[in-house]
Amino acid sequence: MMIMRDVAIAKSEFLPDQKAVTKVQDYQEDEELFRYCRLPQIVKYVECFTGPNIMAMHTMLINKPPDAGKKTSRHPMHQDLHYFPFRPADKIVCAWTAMERIDRSNGCLVVLPGTHESSLKQHDYPEWEGGVNALYHGVRDYDPSLPRVHLVMEKGDTVFFHPLLIHGSGMNRTPGFRKAISCHYASSDCEYIDVKGTSQENIEKEVAQIARRRHGVESEVSLKDIWQFRAKLVQGVRTNL
Ligand SMILES: O=C(O)CCC(=O)C(=O)O
């Protein structure tokens with residue numbers, strides 16, 4: 001599992017390291033956490049998007065910490081497809097479940113309705129004064145006048161969304177750690193694509209660098225290698241992914 005830390009809190013001399021944890025990524029080998037991905041009440045909706053062959057591609061336990069005053073607890077507006085080297089997008093869906101009441105005070109999800117019908121945009125690190133967390137890329141240009149919807153959710157509420165939907169989340173202005181659990185599912189019939197020469201080249205370079213550093217791999221690593229390694233079957237047959 002990959003433990004992610006908030007850039008501002010991790011640098012603070014006053015807070016213990018544990019207080020900086022923003023996310024645990026890739027919990028697919030943890031049986032207890034992975035039970036979430038198998039919940040029939042989630043999978044029955046996922047199947048409407050993916051069909052019967054279902055892979056869990058990306059698993060996250062999200063723990064948005066109280067903001068340390070630098071606004072780094074915000075998650076920039078982005079499209080999840082930026083991170084994924086598999087298609088078609090319509091056969092990918094995210095399930096995101098609130099583990100407590102989540103509203104604007106602790107940094108709820110913010111979405112731009114209808115943007116799932118647009119194309120994949122160029123993503124980069126936003127130029128935020130207080131710093132940006134590792135891998136938190138944002139859409140470079142989007143129309144700021146597009147209407148936003150703040151998703152206020154009760155504990156156990158789940159939202160299912162398309163990987164092209166532009167979304168992010170606000171600052172956590174409360175003293176608590178805002179908790180959610182999520183899984184990106186895809187049909188195992190999806191196909192990997194080569195992202196060289198596309199807007200996703202920057203994320204491939206960054207993720208490959210992290211993978212090489214963490215696992216001491218000397219050779220070239222592609223986004224496809226990384227996702228093939230992370231992917232886990234939830235239902236049906238593992239055909240392509
Ligand atoms: O839970 C959040 O605050 C947003 C998470 C998210 O959009 C992501 O990790 O891609």
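If you read the sequence from its start, that first residue is 1, and numbering goes on from there. Atoms within each ligand, like the ligands themselves, are counted from 1 in listed order.
Taking the charged nitrogens against the carboxylate oxygens, E47 and K44 have no contact shorter than 4.0 Å, which rules out a salt bridge.
Taking E29 as the reference, K232 meet the salt bridge (Lys or Arg N to Asp or Glu O under 4.0 Å) condition, with sequence neighbours excluded. Among residues two or more places apart in sequence or in another chain, the side chain to side chain donor-acceptor pair (under 3.5 Å) test is passed with K196 by E204. For R101, the salt bridge (Lys or Arg N to Asp or Glu O under 4.0 Å) criterion is met by D103, E154, not counting sequence neighbours.
Ligand 1 lies under 4.0 Å from heavy atoms of K23, M60, I62, K64, H75, H78, D80, W96, L109, H167, S169, R178.
Note: H78 and Y83 have perpendicular aromatic rings, judged against thresholds of 30 and 60 degrees for the angle between ring planes.
Counting non-hydrogen atoms of other residues, nucleotides and ligands closer than 6.0 Å to CZ of R173 gives a total of 12 or fewer.
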